[in-house]
Q: 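Quick one: the structure is below, questions incoming.
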Amino acid sequence: MLRSLVGSEMCIRDSSSSERAAASLGSEYETYHHRGARWPPLRQVLLSLFLLGIGTTFLIAGPLSLNSDYDRGVAFIVLGVVAFLPGSFSMFVMVQVQRGMRGYSYAQLPDVHF
């Protein structure tokens, strides 16, 4: 029981320090990363949609090609999982931010530099 109390204190302390850090960054942070922001960052949306689409395509094509070429089918499945997971996570975070769910922000998404 003592461990759970210490763990909850750590979570509370960390969340308050991250809020102070966000407040010190100023208006640029508020524009793009506050909870309930109206428009998500365009680059992250495009990358997430791309990864989600490519991952879904490979996950569908992988099992279909297992009968004709087993190695290619396994490779498609692995590539599909590698692309699908980050794409679906990013889309999940964006949906939760748009819904205004506590604990989600665009700051959780990786920066995209083209």
Side-chain angles (χ1 to χ4, degrees):
M1 182 157 181
L2 182 60
R3 287 182 186 169
S4 65
L5 291 175
V6 171
S8 65
E9 284 183 74
M10 299 281 287
C11 291
I12 292 169
R13 187 188 68 197
D14 291 343
S15 66
S16 63
S17 65
S18 65
E19 290 169 2
R20 283 192 304 268
S24 68
L25 290 175
S27 63
E28 180 180 341
Y29 182 87
E30 290 298 320
T31 303
Y32 296 104
H33 297 98
H34 75 284
R35 184 169 35 95
R38 184 172 181 153
W39 299 107
L42 183 62
R43 288 182 180 173
Q44 280 93 344
V45 171
L46 293 177
L47 181 64
S48 298
L49 288 173
F50 175 75
L51 288 173
L52 194 62
I54 292 295
T56 303
T57 302
F58 278 124
L59 282 174
I60 291 171
L64 294 176
S65 63
L66 280 174
N67 291 335
S68 60
D69 188 2
Y70 182 78
D71 293 336
R72 182 174 292 167
V74 170
F76 281 175
I77 291 172
V78 169
L79 286 173
V81 168
V82 168
F84 183 81
L85 288 178
S88 62
F89 171 75
S90 297
M91 291 304 293
F92 175 77
V93 168
M94 285 187 251
V95 167
Q96 297 305 323
V97 171
Q98 289 297 316
R99 290 180 58 205
M101 299 297 288
R102 294 180 60 136
Y104 293 97
S105 70
Y106 292 129
Q108 294 172 322
L109 300 175
D111 291 332
V112 178
H113 303 286
F114 292 129

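Along the sequence shown, residues carry numbers from 1.
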Q: By the salt bridge (charged side-chain N to carboxylate O under 4.0 Å, His left out) test, which pairs, at least two apart or in different chains, include something from residues 81-95?
A: none

Q: Sequence neighbours left out, what pairs pass salt bridge (charged side-chain N to carboxylate O under 4.0 Å, His left out) with at least one residue falling in residues 61-70?
A: D69-R72

Q: Could you state the interatomic distance from CD (Q96) to CE (M94), rounded to the nearest 0.5 Å?
A: 12.0 Å

Q: Any link between L49 and L59 through a network of hydrophobic side chains (Ile, Leu, Val, Met, Phe, Trp, Tyr) touching at under 4.5 Å?
A: yes

Q: Quick check on the hydrophobic clustering: are V81 and L52 connected, directly or via other members, by side-chain heavy-atom contacts under 4.5 Å?
A: yes

Q: For V95, check side chain to side chain contact (heavy atoms under 4.5 Å, CB included) against everything at least two apart and list the hits.
A: R99

Q: How would you list all residue pairs meeting salt bridge (charged side-chain N to carboxylate O under 4.0 Å, His left out) that involve residues 73-95, not counting sequence neighbours?
A: none

Q: Taking only residues at least two apart or on different chains, which pairs with a member in residues 80-101 satisfy ring-ring contact (aromatic ring centres under 6.0 Å, His included)?
A: F92-Y104

Q: How long is the span from the OG atom in S90 to the CG atom in L85, to the nearest 0.5 Å?
A: 10.5 Å

Q: Kindly write out the residues that satisfy side chain to side chain contact (heavy atoms under 4.5 Å, CB included) with T57, not counting sequence neighbours, or none if the list is empty.
A: none

Q: Who passes ring pair (Phe, Tyr, Trp, His ring centres under 6.0 Å) against F76, sequence neighbours left out?
A: F58

Q: Look up atom CG in L47 and atom CD in Q44, then write down how far apart they are to the nearest 0.5 Å.
A: 8.0 Å

Q: Who passes ring pair (Phe, Tyr, Trp, His ring centres under 6.0 Å) against F50, sequence neighbours left out?
A: none

Q: Name all residues meeting the side chain to side chain contact (heavy atoms under 4.5 Å, CB included) criterion together with L66; count only those two or more places apart in sequence or in a different chain, and write none if there are none.
A: Y70, V74, I77

Q: Which pairs, with at least one residue in residues 85-98 and sequence neighbours excluded, count as a salt bridge (charged side-chain N to carboxylate O under 4.0 Å, His left out)?
A: none

